[in-house]
Amino acid sequence: MDIIYLHGLKVECVIGVWEWERRIRQVITIDLDMHFDIAAAARSDALEDTLSYREVSKRVEAFARASQFTLVETLAEQIAQLLVSEFHLKWCRVRVNKFGAVRGAGDVGVVIERGERPA
């Protein structure tokens with residue numbers, strides 16, 4: 001299985017359940033792992049034969065920036081649905097890290113996988 005990945009995408013967005021969180025923008029970190037057969041791109045060396053992580057990052061960043069979910073679970077699910085539908089992925093893994101959400105913890109968030117994982 002070939003995976004194109006994009007890790008450490010930092011985005012400011014409104015996220016959280018508490019009233020004070022609804023009034024500010026917080027930085028979250030998004031990691032994406034996306035199944036994509038890269039054989040054609042490896043042969044042609046042409047961008048149009050692969051999944052453009054630049055286009056993926058721009059779209060995911062714009063989506064997250066405009067969102068106002070209360071839960072990181074909802075944000076992760078919506079990002080996964082966006083990837084599958086708009087970029088025609090059969091499988092993806094989305095990790096959303098809300099650093100600092102729990103005192104004393106370095107990383108806090110969710111990891112979800114959506115679609116059928118190819119063999």
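Basis for what follows: all heavy atoms, side chains included, without hydrogens, waters or symmetry-related copies. Note that the structure is a prediction, hence the values are computed from the model and not measured.
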Do you know the tightest heavy-atom contact between S57 and L6?
-> CB-CD2, 3.4 Å
Find out if a path of hydrophobic residues (ILVMFWY) with successive side-chain heavy-atom gaps under 4.5 Å connects V96 to V17.
-> no
Please confirm whether the backbone N or O of G8 pairs with a side-chain atom of D31, one donor and one acceptor, at under 3.5 Å?
-> yes
V27 reachable from V108 in the ILVMFWY side-chain graph, under 4.5 Å edges = no
hydrophobic_cluster_shared for L83 and I112, side chain cutoff 4.5 Å | yes
Least distance between heavy atoms, L51 atom then I4 atom | CB-CD1, 3.6 Å
Could you list the residues that satisfy salt bridge (charged side-chain N to carboxylate O under 4.0 Å, His left out) with E12, not counting sequence neighbours?
-> none
Just by distance, do the side chain of E61 and the backbone of L9 share a donor-acceptor pair under 3.5 Å?
-> no
Only pairs at least two apart or in different chains count here, so list each salt bridge (Lys or Arg N to Asp or Glu O under 4.0 Å) that has a residue in residues 38-56.
-> E55-K58
Would a hydrophobic clustering, with Ile, Leu, Val, Met, Phe, Trp and Tyr connected at side-chain separations under 4.5 Å, put I38 with M1?
-> no
Answer yes if V84 and L75 sit in the same cluster of Ile, Leu, Val, Met, Phe, Trp and Tyr residues linked by side chain heavy atoms under 4.5 Å apart, and no otherwise.
-> no
Do R22 and V14 have side chains that get closer than 4.5 Å, going by heavy atoms?
-> yes
Sequence neighbours excluded, every pair satisfying salt bridge (Lys or Arg N to Asp or Glu O under 4.0 Å) that has a member inside residues 79-92 | R59-E86
Where do L32 and V94 land on the side chain to side chain contact (heavy atoms under 4.5 Å, CB included) test, with the steps shown first?
-> CA-CA 5 Å; L32 306 173; V94 177; 3.9 Å; yes
Euclidean distance, I15 CD1 relative to T70 OG1, rounded to 0.5 Å = 7.0 Å
Side chain to side chain donor-acceptor pair (under 3.5 Å) against T29, all qualifying residues, sequence neighbours excluded = K10
Distance-minimising heavy-atom pair for F99 and D107 = CD1-OD1, 4.2 Å
Pair listing, side-chain hydrogen bond (donor to acceptor under 3.5 Å, both in side chains) test, anchored in residues 72-85, at least two apart = E77-Q81, E77-R114
Crowding at CZ, F87 (>12 non-hydrogen neighbours, <6.0 Å) | yes
Got D2 and F36 here, is their nearest side-chain heavy-atom distance under 4.5 Å?
-> no
Between S67 and F69, is there a donor-acceptor pair closer than 3.5 Å when you use the side chain of the first and the backbone of the second?
-> no
By ring pair (Phe, Tyr, Trp, His ring centres under 6.0 Å), which residues pair with H7, not counting sequence neighbours?
-> Y5
Nearest heavy-atom approach of C13 to A64 is CB-O, 3.1 Å
Nearest-0.5 Å distance that lies between atom CD1 in I3 and atom CG in D37 = 12.5 Å
What are the two closest heavy atoms between V60 and I30, and how far apart are they?
-> CG1-CD1, 4.0 Å
